[in-house]
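What's counted below: heavy atoms across the whole structure, side chains too, no hydrogens, waters or symmetry copies.
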Amino acid sequence: MDYYYNERMPELPEVETIKNELVPYIKGKRIKDIVIKRKEIIGFPNHKSFVKKSKGKKIINIRRRGKYLIFELNNGNKLLFHLKLSGRLFLINDLSPDCELKYERLRLVLNHQGLSFIEPRMFGRVYLIQKNIPKQLKGFQELGPEPLERDFNKTFLKAKLKNRKGKIKSLLLDQRIGCGIGNIYADESLFRAKIHPKRSGATLSDDEITRLVRAIKICLKAAIRYKGTTLSDYFRPKGIGGNYASHLLVKAREGKPCFICGTLIQREKISNRSTHFCPRCQK
DNA sequence: AAAACCGCCTGTCGGC
DNA sequence: TGCCGACAGGCGGTTT
């Protein structure tokens, strides 16, 4: 049975792809102007200080941390983007003021090029940070280790799951644990690790934790290789989608046969999140 | 402390 | 066909 797929948010592989594809166009470029079309899109500070502290500065590097994109400026300040559910960053060549992009909230004007922050739902934000991290970015400060780095391992995850009664699905979505993981890759990872999403974190055995760590790394790496998952709203800076959707094992496959055992994939709300899993393979 | 729940915001869908 | 309530969802905030 088909239904409307709301799994649309950029997660780690999507943000990583956006970062990789922005670097050749943006790195080393000067921000000649900043056009704010909706000032609420600026999470910190107020929009006037935001412009004052970033206009005319050079973008010396672009990094990713969790689901955040970080533009490092040559004055030591940083621009942090969070795309949340429907945010997109588009490279544009037409810089004329009458080039109206639907849902455009902010535009960085560079040399002969622009970077447009499109965000229909207005959940996404851009922050300017200097030395001190504002309280709105507490979550950024508390992010756990990057899942593709060595310090995201069995020891780390075991410590985090110890005494946790919550369901493993929701624990993976906690960015202090599953940094950069969202609704798609949480489900994909649990399927690959053969762990039922409703299992309480504390009940996972050492072997299951090892499998989960491996599964997370494999899923994320594969999705990066295919430049992310486009089900509805994620697009890369040049406007094209990612190619991982056809490789998904459970997400968006409700009612379709499990690739391992043929049982129909189920969808259920777990901790208020639409969750896909194989009721037979995942224990 | 941690788990559960709420609200932000807007497009899309299903029911009538 | 058009209206409208329900739904989705990351994450910060609030309540339990």
Side-chain angles (χ1 to χ4, degrees), chain A residues 1-16 18 37-44 64-70 80-89 101-106 117-127 129 133-144 147 157 159-189 197-204 220 228-235 245 248 250-255 267-276:
Chain A
M1 185 186 81
D2 280 343
Y3 66 98
Y4 177 68
Y5 297 117
N6 276 287
E7 297 84 13
R8 50 178 63 189
M9 63 292 181
E11 305 179 27
L12 187 154
E14 289 75 31
V15 181
E16 179 72 14
I18 293 167
K37 307 214 170 187
R38 278 283 293 271
K39 61 181 190 300
E40 299 84 1
I41 204 74
I42 311 293
F44 185 87
R64 178 194 59 74
R65 178 80 174 97
K67 298 172 198 168
Y68 289 86
L69 266 179
I70 306 169
L80 261 65
F81 289 85
H82 198 304
L83 306 182
K84 289 285 177 82
L85 306 179
S86 56
R88 287 162 235 165
L89 286 171
L101 292 169
K102 209 176 179 188
Y103 308 121
E104 184 177 33
R105 310 309 191 188
L106 176 114
F117 187 14
I118 314 277
E119 168 53 313
R121 289 191 171 179
M122 284 301 296
F123 275 18
R125 289 288 182 270
V126 53
Y127 307 85
I129 56 168
I133 309 276
K135 66 173 191 304
Q136 294 97 312
L137 282 167
K138 189 167 149 276
F140 174 75
Q141 216 165 9
E142 293 182 355
L143 287 174
L157 193 57
K160 285 292 172 189
L161 298 183
K162 197 180 173 188
N163 299 328
R164 296 298 296 263
K165 290 186 169 55
K167 298 175 181 69
I168 186 63
K169 167 69 187 276
S170 16
L171 293 172
L172 281 183
L173 295 177
D174 182 335
Q175 300 298 292
R176 294 168 296 189
I177 302 175
C179 168
I181 295 174
N183 209 17
I184 295 175
Y185 301 105
D187 287 3
E188 291 294 302
S189 302
K198 277 184 175 170
R199 287 276 300 283
S200 141
T203 68
L204 266 63
L220 296 177
T229 302
T230 298
L231 289 172
S232 58
D233 271 7
Y234 156 69
F235 290 100
L248 293 171
V250 285
K251 204 66 188 175
R253 296 198 66 247
E254 182 188 17
R267 182 171 72 114
E268 196 178 322
K269 263 202 168 191
I270 296 176
S271 307
N272 210 31
R273 293 286 173 268
S274 169
T275 302
H276 293 76

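Counting heavy atoms from C-beta outward, A/Arg38 and A/Met122 have side chains that approach closer than 4.5 Å. Proximity of A/Glu119 to A/Phe81: side-chain heavy atoms (C-beta onward) are nowhere separated by under 4.5 Å. Contact annotation: the side chain of A/Leu106 approaches that of A/Ile42 to within less than 4.5 Å [non-hydrogen atoms, C-beta and beyond].
One atom, NZ of A/Lys102, and another, C1' of B/dT10, lie 11 Å apart when rounded to the nearest Å. In this structure, the NZ atom of A/Lys84 is 8 Å from the C1' atom of C/dG12, given to the nearest Å. What separates CD1 of A/Ile41 from P of B/dT10 is a distance of 10 Å, to the nearest Å. Put simply, CG on A/Leu137 is 10 Å from P on C/dG13, counting in whole angstrom units. Rounded to an integer number of Å, the gap from A/Phe123 CZ to C/dC11 P is 12 Å. With rounding to whole Å, A/Asn272 atom CG is found 10 Å from B/dC6 atom C1'. The distance from atom NZ of A/Lys138 to atom P of C/dG10 is 18 Å, rounded to the nearest whole Å. One can place CG of A/Asp174 at 10 Å from P of C/dG12, the figure rounded to the nearest angstrom.
Put simply, the side chain of A/Arg121 and the base of C/dG10 share no donor and acceptor less than 3.5 Å apart.
Residue A/Leu85 has its side chain nearest to C/dG9 when only B/dT10, C/dC11, C/dG9 are considered.
A sub-4.0 Å separation between OP1 or OP2 of B/dG11 and a side-chain N or O of A/Tyr103 is present. At C/dG12, none of the side-chain N or O atoms of A/Arg125 fall inside 4.0 Å of OP1 or OP2 (strictly under the cut-off). OP1 or OP2 of C/dC11 has at least one side-chain nitrogen or oxygen of A/Gln175 nearer than 4.0 Å. Dashed line: the shortest gap from a side-chain N or O of A/His82 to OP1 or OP2 of C/dC11 is under 4.0 Å.
Summarising the geometry, atom CZ belonging to A/Arg64 is positioned 11.0 Å from atom CD1 belonging to A/Ile18; distances are rounded to the nearest 0.5 Å. The distance from atom OH of A/Tyr127 to atom CZ of A/Phe140, rounded to the nearest 0.5 Å, is 11.0 Å.
The pair A/Lys37-A/Glu104 meets the salt-bridge criterion, since a charged nitrogen lies less than 4.0 angstrom from a carboxylate oxygen.
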Exercise. Decide side-chain hydrogen bond (donor to acceptor under 3.5 Å, both in side chains) for A/Lys169 and A/Thr275; before the verdict, give the C-alpha distance in whole Å, the side-chain angles of both, and the deciding distance to 0.1 Å.
Key: CA-CA 8 Å; A/Lys169 167 69 187 276; A/Thr275 302; 2.8 Å; yes

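Nucleic acid contact class of A/Phe140 (heavy atoms, under 4.0 Å, all strands): none.
If you find the closest nucleotide of DNA chain C to A/Lys269 and to A/Lys67, the one lying nearer the 5' end belongs to A/Lys269.
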Report all interatomic pairs (protein N or O, nucleotide N or O of nucleotides 3-5 of chain B) with separations under 3.5 Å.
{"from": "B/dA3", "atom 1": "OP1", "to": "A/Lys165", "atom 2": "N", "distance (Å)": "2.7"}
{"from": "B/dA3", "atom 1": "OP1", "to": "A/Gly166", "atom 2": "N", "distance (Å)": "3.2"}
{"from": "B/dA3", "atom 1": "OP2", "to": "A/Arg164", "atom 2": "NE", "distance (Å)": "2.7"}
{"from": "B/dA3", "atom 1": "OP2", "to": "A/Arg164", "atom 2": "NH2", "distance (Å)": "2.6"}

